[in-house]
Amino acid sequence: MTEDEKSELIARMNGLQNLLEQKDYSARKVAFEVARLYKESHPEAITPALDKYIEGEKLADEWRDEITEIRKKLEEDV
């Protein structure tokens, strides 16, 4: 792996971690849990914010997976 490739991967990983840090705070997690439980007991409820949050979590999971892959590539190159 070239130094440029390594720098690109590190920059991408840092950018993704920054995005995750902006999203990962405890109040958000608690609010999501409460909303999810409410939705389970009231499936007819219209919950656009919850639906949007769930989509955001799917994206965050993709970022986490990509961070893991980048870390693996960087560790293999050491």
Side-chain angles (χ1 to χ4, degrees):
M1 180 180 308
T2 68
E3 284 302 311
D4 285 345
E5 289 171 327
K6 189 182 267 190
S7 292
E8 270 186 53
L9 287 175
I10 290 170
R12 176 66 179 161
M13 181 176 64
N14 289 338
L16 292 172
Q17 286 178 319
N18 184 35
L19 290 170
L20 286 171
E21 288 170 6
Q22 292 174 27
K23 295 183 103 356
D24 286 342
Y25 57 93
S26 60
R28 178 187 58 99
K29 291 179 182 181
V30 171
F32 170 68
E33 183 65 18
V34 171
R36 187 181 57 76
L37 291 170
Y38 176 79
K39 183 69 172 186
E40 285 176 3
S41 62
H42 298 85
E44 74 286 352
I46 298 170
T47 55
L50 176 61
D51 298 339
K52 185 176 179 181
Y53 177 85
I54 290 170
E55 287 302 313
E57 280 302 296
K58 290 177 185 175
L59 183 57
D61 285 340
E62 291 175 18
W63 294 338
R64 288 181 186 97
D65 291 343
E66 188 173 348
I67 289 168
T68 299
E69 289 302 313
I70 291 170
R71 281 189 175 139
K72 285 179 185 175
K73 285 181 182 179
L74 291 171
E75 289 172 1
E76 289 171 1
D77 194 53
V78 171

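None of these values were measured; they are calculated from a predicted model.
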Carboxylate-amine/guanidinium contact Lys72 Glu69, below 4.0 Å: yes

NZ-CZ distance between Lys73 and Arg71, expressed to the nearest 0.5 angstrom: 14.5 Å

Atom pair CG (Leu50) and OH (Tyr38), whose distance is rounded to the nearest 0.5 Å: 11.0 Å

Gln17 CD to Glu21 CD distance, which is reported to the nearest 0.5 Å: 6.5 Å

Whichever hydrophobic residues join Met13 through chains of side-chain contacts under 4.5 Å: Met1, Leu9, Ile10, Leu16, Leu19, Leu20, Leu59, Trp63, Ile67, Ile70, Leu74

Lys58 side, atom NZ; Glu55 side, atom CD - distance, nearest 0.5 Å: 4.0 Å

Lys/Arg-Asp/Glu bridge criterion (N-O < 4.0 Å) met for Arg64, Asp61: yes

Sequence-distant partners of Glu33, side-chain contact (heavy atoms from CB on, under 4.5 Å), two or more places apart: Arg36, Leu37

